Amino acid sequence: QVKVVESGGGSVEAGGSLTLSCTASKTGATFMRYTMAWFRQAPGKEREFVAAITWNGATREYADSVKGRFTISRDDTENTMALEMNSLKPEDTAAYYCAAAWSSPNDPRRSAAYDYWGQGTQVTVSS
């Protein structure tokens, strides 16, 4: 069982930056075996993949819509994962969710690959 908690959401103007954090209850060698990801869901829309980082940090994947603007990272010594978001656009407005999957899911872009989810943190980008 892994509990993940997001933080860092807020309101920002277009072109601004925010950094989201996700803290996991699993520590040290166990946490580092989880692939971690960010998904987001805007009102009236389905949850969509944003970014993922594999358990060993070797692979990072991004949705085309955020590539070049967002950076995912992890710190296994602190049991945390972060999403640095730059050049934010109004269409980035959504609730952002942290997710965890044991080891390496076949397709880290699929929400069904993840077993553990946080409650979400709201990001609002105004034009």
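Only a predicted model underlies this, so the values are computations on that prediction, with no experimental measurement involved. Numbers here simply count residues along the sequence, with the first being 1.
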Minimal non-hydrogen separation, Glu6 against Gly120, with atom names: OE1-N, 2.9 Å
Where Ala37 and Tyr114 come nearest, the two heavy atoms and their spacing: CB-OH, 3.3 Å
Arg60 side chain to Ile72 backbone, donor-acceptor under 3.5 Å: yes
Donor-acceptor contact present, side-chain Thr35 to main-chain Ser103, <3.5 Å: yes
Joint hydrophobic cluster, Val125 plus Leu18, side-chain heavy atoms closer than 4.5 Å: yes
Side-chain (Glu84) to main-chain (Thr71) donor-acceptor, under 3.5 angstrom: no
Atom pair CG (Leu20) and OG1 (Thr121), whose distance is rounded to the nearest 0.5 Å: 6.0 Å
Validation row: Arg47, Arg40 side chains within 4.5 angstrom (heavy atoms): no
Tyr62 side, atom OH; Leu83 side, atom CG - distance, nearest 0.5 Å: 7.5 Å
Glu48 vs Gln41, side chain to side chain contact (heavy atoms under 4.5 Å, CB included): CA-CA, chis, key distance, verdict: CA-CA 6 Å; Glu48 65 174 2; Gln41 187 168 19; over 6 Å; no
Straight-line distance of Ser21 OG to Glu78 CD, nearest 0.5 Å: 11.0 Å
Value rounded to 0.5 Å, distance of CE in Met36 from CG in Asp76: 9.5 Å
Atom of Ala14, atom of Ser127 and distance for their closest heavy-atom approach: CB-CA, 4.3 Å
Distance-minimising heavy-atom pair for Ala24 and Val2: CB-CG1, 4.3 Å
Aromatic Phe31 / basic Arg74 pairing, under 6.0 angstrom, 45° off normal: yes
Atom pair CG/CE of Asp75 and Met32 - distance to nearest 0.5 Å: 11.0 Å
Minimum side-chain heavy-atom gap Ser104-Trp55 below 4.5 Å: yes
Distance, nearest 0.5 Å, that separates OH of Tyr116 from OG of Ser25: 9.0 Å
Ser17 side chain vs Asn86 backbone, donor-acceptor pair below 3.5 Å: no
Minimum heavy-atom distance between Pro108 and Glu61, given as atom pair plus value: CG-OE2, 3.3 Å
Closest contact, heavy atoms only, Val123 versus Gly9: CG2-CA, 4.3 Å
Within the 6.0 Å centroid threshold, strictly below: Phe39 and Tyr97: no
Contact check, side chains of Tyr96 and Met85, non-hydrogen atoms, under 4.5 Å: yes
Check: Ser65 main-chain N/O paired with Arg69 side-chain donor or acceptor under 3.5 Å: yes
Salt-bridge contact Lys89-Asp92 (side-chain N to carboxylate O under 4.0 Å): no
Test side chain to side chain contact (heavy atoms under 4.5 Å, CB included) applied to Phe70 and Leu88, step by step: CA-CA 9 Å; Phe70 291 9; Leu88 283 161; 3.8 Å; yes
Any Cys98 side-chain heavy atom under 4.5 Å of Trp117 side chain: no
